[in-house]
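Everything quoted here is computed from the prediction, not taken from an experiment. Heavy atoms only: backbone and side chains are in, while hydrogens, waters and symmetry mates are out.
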Amino acid sequence: MKKIGLTLLTAFVGGALALGAYKVIENKYSDNMSFEEKQKVYFTSNKSTPVVSSTGSLDFTEAAAAATPAVVYIRTTYSSESGGKQDQLEQMFGDMFGQRAPQRGPQMASGSGVIISPDGYIVTNNHVVEKADKITVATNDHRTFQAKVIGTDPSTDLALIKISANDLPIIKLGNSDETRVGEWVLAVGNPFNLTSTVTAGIISAKGRNIGIIGSEDNGDDDSPFGRTRNQQSGPKLNKAIESFIQTDAAINPGNSGGALVNTKGELVGINAAIASHTGSYEGYGFAIPVNLAKKVLNDIKKYGTVKRGFVGVSFTELNPDVAQKLNITNNNGLYVNDVVPGGGAEQAGIKKGDIIAKVEGTPVYESSDLQEHVGRMQPGDKLNITVLRDGKEKTFAVTLKADATPTSNRTAVVSKSAEELFNKLGASFQPLSSAEKAKFHVNSGVKVAQVRPGRVFDNFEIPVGSVITSINKQPINSVADIDKAITNLRNGNLVISGYYPDGTNFNNMFQVQ
């Protein structure tokens with residue numbers, strides 16, 4: 001009798017486990033999962049036979065075979081209205097990475113992207129897609145899809161886009177902190193329209209700050225990187241975050257947004273820029289570390305924008321020349337020029353004239369040592385910063401503050417597909433909480449989390465914090481609802497209804513051509 005009971009119990013447990021496994025597979029890519037969690041499910045259920053290297057660690061075939069299927073070719077189309085007025089940064093990136101047509105009529109550009117989730121999420125560079133009306137993605141197996149922009153982060157030059165597909169091949173996310181100078185890496189992308197090109201090199205340096213993001217603000221036009229910028233961190237200050245991995249793997253126009261992988265085939269960086277006087281490869285390429293990208297992309301997917309904390313200081317990198325001008329003896333660290341009133345640094349006790357020497361006990365030599373660390377954290381997180389003051393070290397626990405000045409961003413609608421129209425709206429969205437629904441007295445709605453320059457929401461002054469309750473009289477509770485509402489428009493009109501952040505109602509109609 002005991003044996004029968006034991007058998008029945010075993011069968012019950014086995015059945016429960018099988019049912020649980022079925023449910024996991026059935027719902028394996030929940031929209032609430034982070035990209036790391038989705039990757040764990042993918043690699044658990046897709047165990048592939050590793051490629052056997054014939055010549056040891058210097059044979060890159062395994063890494064190339066693992067990475068190439070997940071690197072896509074991206075072609076963008078944008079109107080002359082949205083792309084014609086280019087700033088210095090966009091022109092420079094276009095020359096380096098984009099294949100652009102003459103500046104009349106619809107413009108075209110191209111680049112690369114990396115599939116990081118089997119259900120169609122792709123990481124690329126912000127400068128590849130930020131003004132795109134139409135985004136066409138071609139996979140390594142020659143399938144093509146229309147993509148929509150989920151969100152962008154100009155501060156890191158990253159963007160998250162999505163195609164409607166499932167069971168796509170992905171690259172395993174690596175750990176960029178573990179990379180070492182001299183380590184072999186591969187750059188995978190689509191230079192000069194040569195799809196699925198793999199080049200090899202080594203990591204030449206880490207933590208490079210080359211002043212390329214936000215370079216339109218000020219600086220030296222003669223720099224091979226474009227304009228340089230002031231090193232700052234805090235609300236109302238330049239918020240560019242640069243801590244590039246430098247590599248001598250060949251990177252050329254079209255590689256932008258592609259993969260930098262280690263010899264295990266793991267993604268360690270997103271290729272973003274080159275240092276060149278000609279616009280082509282001269283031996284110096286730069287990639288965004290994947291550990292910084294993870295935080296940015298997960299935030300975009302979850303919130304529609306990046307939740308970034310700020311120390312609240314402006315600073316200057318110290319070197320012998322700067323130290324001499326400031327009449328100080330320290331040659332290393334970050335000299336605090338000013339603190340933001342009410343910011344985390346001021347509240348913690350950091351003062352103008354302090355020298356930031358360590359972050360979480362790690363020495364700080366240049367701005368990237370601080371910026372990348374802060375860039376991975378959220379508002380409300382605490383950061384231990386050690387400063388030199390009067391020749392003595394003092395450590396302060398700084399609570400990072402949210403940006404008090406969210407970016408506002410701007411086109412007119414002309415669309416042939418739901419993806420194009422979604423991109424032209426130029427916004428990212430976040431579901432409304434119960435408290436927010438109560439505040440606005442609505443039963444449905446999504447909050448505008450990001451508004452991008454030159455797009456519909458910007459032109460019609462629908463700012464961040466607005467609530468979209470319906471599109472063409474269809475209730476909106478998610479991005480999927482927006483997709484349904486803008487698909488197969490019958491009369492060419494798009495009516496967006498909702499509330500501005502102050503509670504004022506709006507009901508805007510756009511003409512779709």
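- When only modelled atom types and interatomic distance are considered, Tyr73 and Asn193 share a side-chain donor-acceptor pair under 3.5 Å.
- Between Trp184 and Phe60, the two ring planes are tilted [angle within 30° to 60°].
- By the 4.5 Å heavy-atom criterion applied to side chains, Val479 and Phe422 are counted as neighbours.
- Atom OG1 of Thr152 sits about 5.0 Å away from atom CZ of Arg452, to the nearest 0.5 Å.
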Item to check | Audit row: Val374, Leu400, side chain to side chain contact (heavy atoms under 4.5 Å, CB included) steps and yes/no | outcome: CA-CA 8 Å; Val374 174; Leu400 301 183; 4.2 Å; yes

Item to check | side chain to side chain contact (heavy atoms under 4.5 Å, CB included) assessment of Ile300 paired with Thr305 | outcome: CA-CA 5 Å; Ile300 290 174; Thr305 188; over 6 Å; no

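- Closest non-hydrogen pair, Ala147 versus Val137, comes out as CB-CG2, 3.8 Å.
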Checklist entry - Step by step, would you call Val185 with Ile202 a side chain to side chain contact (heavy atoms under 4.5 Å, CB included)? => result CA-CA 5 Å; Val185 286; Ile202 62 169; 5.7 Å; no

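- Note that OG of Ser444 is 5.0 Å distant from CG of Asn477, once rounded to the nearest 0.5 Å.
- Annotation: side chain of Ile471 is not in contact with side chain of Asp481 (no heavy-atom distance under 4.5 Å).
- Rounded to the nearest 0.5 Å, atoms OG (Ser117) and CD (Glu36) are 11.0 Å apart.
- Counting all heavy atoms, side chain and backbone alike, Ser243 lies closest to Gly207 at OG-CA, 3.4 Å.
- You'll find the side chain of Ile116 reaches within 4.5 Å of the side chain of Leu173, heavy atoms only.
- Using modelled atom types, one finds a donor on one side chain and an acceptor on the other under 3.5 Å when comparing Thr179 with Lys206.
- With respect to Ser196, the side-chain hydrogen bond (donor to acceptor under 3.5 Å, both in side chains) criterion is satisfied by exactly one of Asn190, Asn140, Thr139: Asn140.
- Salt-bridge annotation for Arg308 and Asp299: absent, with no side-chain N of the basic residue lying under 4.0 Å from a carboxylate O of the acidic one.
- In this structure, CD on Glu242 lies 4.5 Å from CG on Asn209, to the nearest 0.5 angstrom.
- Nearest heavy atoms, Ile170 versus Pro118: CG2-N, 3.6 Å.
- When every heavy atom of Asn423 is checked against every heavy atom of Ala132, the shortest pair comes out as CB-O, 3.7 Å.
- Looking at heavy atoms from C-beta onward, Ile150 lies out of side-chain contact with Ile161 at the 4.5 angstrom threshold.
- A salt bridge between Lys148 and Asp483 is present, with a side-chain N of the basic residue lying under 4.0 Å from a carboxylate O of the acidic one.
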Checklist entry - Given the rule in the side-chain hydrogen bond (donor to acceptor under 3.5 Å, both in side chains) test, do Gln378 and Lys295 qualify, once you have shown the distances and angles that lead to the verdict? => result CA-CA 9 Å; Gln378 303 277 12; Lys295 182 263 192 293; 3.1 Å; yes

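- The cationic group of Lys401 does not satisfy the cation-pi geometry with Phe310, failing either the under 6.0 Å distance to the six-membered ring centre or the 45° limit from the ring axis.
- By the 4.5 Å heavy-atom criterion applied to side chains, Ile135 and Val149 are counted as neighbours.
- In this structure, Glu436 pairs ionically with Lys447, as a charged nitrogen and a carboxylate oxygen lie closer than 4.0 Å.
- Salt-bridge check for Arg376 with Asp177: passed, with a basic side-chain N closer than 4.0 Å to an acidic carboxylate O.
- To the nearest 0.5 Å, the span separating CD on Glu37 from CG on Asn298 amounts to 8.5 Å.
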Item to check | Working for side-chain hydrogen bond (donor to acceptor under 3.5 Å, both in side chains), residues Thr278 and Ser276 | outcome: CA-CA 5 Å; Thr278 64; Ser276 173; 3.2 Å; yes

Next on the checklist: Before you tell me yes or no, could you show the steps for Ile270 and Val290 under side chain to side chain contact (heavy atoms under 4.5 Å, CB included), namely the whole-Å CA-CA distance, both residues' side-chain angles and the distance that decides it to 0.1 Å?
Outcome noted: CA-CA 7 Å; Ile270 303 298; Val290 73; 5.8 Å; no

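- Looking at every heavy atom in both residues, Gly265 comes nearest to Ile171 through O-CG2, 3.7 Å.
- Distance check, rounded to the nearest 0.5 Å: CG of Asp153 to CG of Asn125 gives 11.5 Å.
- A 4.5 Å side-chain heavy-atom check between Leu383 and Leu370 finds at least one atom pair inside the cut-off.
- Residues Tyr42 and Leu168 share a closest heavy-atom pair of CE1-O, 3.4 Å.
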